[in-house]
Structure formats: C-alpha cells, structure tokens
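Whatever order the structure lists ligands and atoms in, that order sets their numbers, starting from 1.
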Amino acid sequence: MGGVGKAGWMREEDAGRAERPDLAGLERQELEALLRARGVEPFRAGQLYRWIFRRGVTDFERMTDLSKSLRASLRDGFAISIPRVAGRERSSDGTEKFLLELADGRRIESVFIPDTPGWTFCISTQVGCAMKCGFCLTGKMGLVRNLTAGEIVGQVRVLAAELGLLDARFTIVLMGMGEPLHNYDETMKALRIMGDPEGLAISPRRVTLSTVGVVPGIDRLAAEPYMPNLAISLHATTEAQRDLLVPLNRRHTIADVVEACRRFPLRRRSRITFEYVMLAGVNDSPEDARRLVRLLSGLRAKVNLIPLNEAAGIPFRRPSDGTVDEFGRILAEHHLTVSVRKSRGRDIRAACGQLIVEGPARSAGQRLAKAMEGG
Ligand code: SAH
C-alpha cells in the first residue's frame, strides 16, 4: 500500500510511525511533562507551541531555533497532526466552507465567516450530533464520534493558515457540527490550548460556546476558570413546542435551562445570547415574542433570531422578512437586544444547521440508513 495510511492522509515517510505521541492536542504543561520525561528541557514546550500554533508549522525541520539534533529526535519521537483540507468552497458572500479530513478518515466541516464585523471561525466539536433537533441537518447524521481537543484546535490551525490569518485577531464560535457540552472535556481542553499565550492566545472573550441546553454542562461551565461566552439554542417559548423541536427538552426543559442561565455567573457587561430559529407558523407569532420577553425577563440576555435555512428533508419553512421584523420589534420594545442572523454561505450549504458530511466514511448507522433508502 505504498506506505500510505488507510485514510490516505499520511505522508509516505510518516507511515509506520503512527503511534508517536501527537503534540497538537496537548496543553503546554502536558507537553512540558512529556518533554521532561524524554530528557528534553521543558522550556522547549513554549518554543514548540509558538511554531505549531502561532506560525502554523508542522515540520520539525523548519523549527530553526531548535538544534539539529533536537529536531531529529523530536521528529523520531513525536507527530504534529493537522486535519487535511479535503474540500474548500467559497460563497458569493465571502463565507468559506472547509471540508476537513481527520486521521481516521472521518470528515467534518468548519466555516470561515468574514465581515461579522471581524473574522469568525465556526468550529465543530463532534462528527455529527446526537441531538436530532427537528430543523437541523447535522442532527440527521446522528453522532459518529466526539472530536479530540487536538482536532478541535486543529480546525482553527488549518483555517488560520489557509486564510493567511495566523497573525490576525479572529473570533471563534463553537456552532459547527456537534453539541459542545456533549463533548465537554475535549472542548474545554481545546479552549485552554487555544488560549495559551505562547500559542494562538485566543482570549475566552473571543470564544462563544453554543449549546442546545445541556444543563449539567452549563453548571460545570459556570465554575470554569477559562470561561467562554455562552449562547443557548432556545428556539421555542413553551415546553410543548420545544419538546417537538428539540428532543433534549424532555430531559432539560426550558424552565431548567433558563434557571441554569439565571445562576450562570456573567462577567461585567457580558450577556447570554439566546438563539431562536424562526419557523413559519410554528414559533414566530407575536404571542411567542411576548412569551420570550417574559421568559428572559431579568436575565442579561440578547436574542439572535435565525430565520430558518431551508433544506430538503427539513419539514419547516422560513418566515417572511416582515414576520421576522415584527417579532424582533416586539422584543426590542421590551428592551431586549435583538439581532437577526444574516444567513451566510447558503449557496454552499455552509449556513447554520446545514453542515453535514456524506463522505465515504459513514458510521454503521449511516450506512444502514442509506441502504434502507436504497442509496
Ligand atoms: N449544538 C449546539 C451548537 C450548534 S450551533 C447548539 O445547538 O447550539 C448551530 C446553530 O444553528 C444552533 O442554534 C442551531 O439550532 C441552528 N440551526 C440548526 N439548524 C438550522 C437551520 N436549518 N436554520 C437555521 N439555523 C439552524
């Protein structure tokens, strides 16, 4: 097989060395400990971090502030993995969707959104998603597996390098594929790696974690020293309505989620974002708007209205602009800060809820589903 790994992603020379510890998924202290155990001075961890995360270098040979012999022994002992860009599509509005292939051949999508007003990277935390929200395509895939911290940060490394933004200031939204609080430990580890001042140095204030409302996860997040901004995918104003749209609501109800938000410690001047996908005739009435005002009363909240991105297989419609405006007007009248999410990258299926991968690597469940529909 010519030295090529099973997913065809490894370089020839890397074959056979696949078990080398991967430096790309380690916090700096872990890297220090690993180096120390191999007789390398721990301060080298800072140098390695700068190469890997700040300069986007994965080839030890290019790490010119390390001695030749150290470079050689690092190369023999360790790997620095990075997801492979398997596809890249650019929308007419400048949004770019990256199809990334992981070491095991699984594929995920990450999206670059310019002019937000800055630059935003929308990053995945799982391959697929277990939440099965009724209007989301990713949910249709089911959960294939969690991403590792290295794979989560790897998306940021790839996008920054590909887009020439390694030195730029960008924000991160964990709003790609997956439910971040369903993959809590690896997600938080990824945020700590991204935050390291020797590396990408992304302050948690520039990171927003979006959750469908995993209450124990929200409570855990509340105690984190490294705390991102919080966004809640609410989408409904009555329990009955949300039960139908977001199956997790049967376990963690609107009341529970809002309660968890009330005890969530916010930094000065920061607020919780409530995302609200608007579905024509389902959750877009003036009564819904007024119920939403009551639900959020007393919370430091802002509301992000997301008119549905329609897709084949999604049994809902997008409301008219007039309906969206009227809904937003009622919220604003009651002193809620409202924004309407511009739909970005719809022409390349990179918009919210449109991330799905039908690559060659399917889970057993996906293969079965596909076989049953005769595809
Ligand atoms: N699982 C997390 C992170 C994903 S964020 C969460 O649910 O918050 C993706 C956002 O896009 C969520 O707010 C989701 O509800 C929304 N979304 C999903 N499908 C959509 C669609 N078809 N149109 C518009 N927004 C959608």
Practice item. For D347 and S92, test the side chains for any donor-to-acceptor distance below 3.5 angstrom and give the result as yes or no. Key: yes

Check your understanding: Is it true that atom CG of D167 has more than 12 heavy atoms of other residues, nucleotides or ligands lying nearer than 6.0 Å?
Key -> no

**Study point:** atom 11 (O) of ligand 1: the protein heavy-atom neighbour that sits closest, reported with distance to 0.1 Å
**Key:** C352 CB, 3.3 Å

Review point. Hey, is I306 touching ligand 1 through its side chain, its backbone, both or neither, going by heavy atoms under 4.0 Å?
Key: side chain

Check your understanding: Using heavy atoms and a threshold below 4.0 Å, how should the contact between T138 and ligand 1 be classified: side chain, backbone, both, or neither?
Key -> neither

Exercise for review: Give yes or no for whether the N/O distance cutoff of 3.5 Å, strictly under, is met between F135 and ligand 1.
Suggested key: yes

**Study point:** Donor-acceptor contact present, side-chain E89 to main-chain K97, <3.5 Å
**Key:** no

Review point. When only distance counts, is H235 in polar contact with ligand 1, meaning an N/O pair under 3.5 Å?
Key: yes

Study note, to complete from the structure: Quick note, ring pair (Phe, Tyr, Trp, His ring centres under 6.0 Å) partners involving residues 171-200, not counting sequence neighbours, are none

Practice item. Report yes or no: does a heavy atom of I314 sit under 4.0 Å from some atom of ligand 1? Key: no

**Study point:** Which residue and heavy atom of the protein sit nearest atom 10 (C) of ligand 1, plus the separation
**Key:** E275 OE2, 4.0 Å

Exercise for review: State whether the side chain of S124 and the backbone N or O of M177 hold a donor-acceptor pair below 3.5 Å, judged by distance alone.
Suggested key: yes

Study note, to complete from the structure: If we number the atoms of ligand 1 from 1 as shown, the ones under 4.0 Å from a heavy atom of V212 are 6 (C), 7 (O), 8 (O)

Exercise for review: May I ask you to identify the nearest protein heavy atom to atom 9 (C) of ligand 1, giving residue, atom name and distance to one decimal place in Å?
Suggested key: M175 O, 3.6 Å

Review point. What part of N309, side chain, backbone, both or neither, has a heavy atom within less than 4.0 angstrom of ligand 1?
Key: both

Review point. To the nearest 0.1 Å, how far is atom 12 (C) of ligand 1 from its closest protein heavy atom, and which atom is that?
Key: S233 OG, 3.3 Å

Practice item. Give yes if a backbone or side-chain nitrogen or oxygen of G176 is under 3.5 Å from a nitrogen or oxygen of ligand 1, and no if not. Key: no

Exercise for review: May I ask you to decide if M278's main-chain N or O and N283's side chain share a donor-acceptor pair within less than 3.5 Å?
Suggested key: no

**Study point:** Nearest non-hydrogen protein atom, atom 19 (N) of ligand 1
**Key:** G353 CA, 3.0 Å

Review point. Is it the case that one hydrophobic cluster holds both L279 and I330, taking links as side-chain heavy atoms less than 4.5 Å apart, direct or via other members?
Key: no

Exercise for review: Any chance you could pull the hydrophobic cluster mates of M175, using side-chain heavy atoms under 4.5 angstrom and chaining through other members?
Suggested key: V173

Practice item. Please verify whether a non-hydrogen atom of A311 lies at under 4.0 Å from ligand 1. Key: no

